[in-house]
Amino acid sequence: MKRYHSHLGRDIVLTGGSARDLAPGQFGVLAIDGGAGGWSVVHKGPDGDVMELNNEMHFELPEDALAFVKELIEMMAT
């Protein structure tokens with residue numbers, strides 16, 4: 001799976017477990033324990049604050065987490 005994605009003009013980055021490398025405004029799909037613990041979805045706000053968007057519900061596959069992010073972006077666009 002590729003590391004960088006874009007959906008409706010929003011950037012989504014798959015990363016090894018840290019939101020540190022995300023730019024403000026980007027969404028992240030983070031590997032938990034290298035992916036063995038699942039995948040989390042975050043957003044880095046304009047002030048650098050990172051918020052987990054899936055409320056401690058971790059996805060088993062990165063593709064599932066990416067689909068969740070795309071649904072959130074679509075809801076934000078309407």
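Residues His7 and Val69 are not in side-chain contact: their nearest non-hydrogen atoms beyond the backbone lie 4.5 Å or more apart.
Annotation: the span from Trp39 atom CH2 to Asn54 atom CG amounts to 12.5 Å, rounded to 0.5 Å.
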Going by atom type alone, with no hydrogens or angles, which donor-acceptor pairs under 3.5 Å involve a side-chain atom of residues 9-33 and a protein atom two or more places apart or on another chain?
unit_1 : atom_1 : unit_2 : atom_2 : d
Thr15  : OG1    : Ser18  : O      : 3.3
Ser18  : OG     : Arg20  : N      : 3.1
Gln26  : OE1    : Ala23  : N      : 2.8

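By the neighbour-count criterion of 12 heavy atoms within 6.0 Å, atom CD of Glu63 is densely surrounded, having more than that number from other residues, nucleotides or ligands. Surrounding CE of Met76 are more than 12 heavy atoms belonging to other residues, nucleotides or ligands, all under 6.0 Å away.
Cluster membership check: Leu72 does not share its hydrophobic cluster with Tyr4, using side-chain heavy-atom separations under 4.5 Å among Ile, Leu, Val, Met, Phe, Trp and Tyr. Hydrophobic cluster membership is shared by Ile73 and Phe68, with clusters built from Ile, Leu, Val, Met, Phe, Trp and Tyr side chains linked at under 4.5 angstrom. Transitive grouping of hydrophobic side chains (ILVMFWY, heavy atoms separated by less than 4.5 Å) keeps Val42 and Met51 in distinct clusters.
Smallest separation of non-hydrogen atoms from His58 and Ser40: CD2-CB, 4.0 Å.
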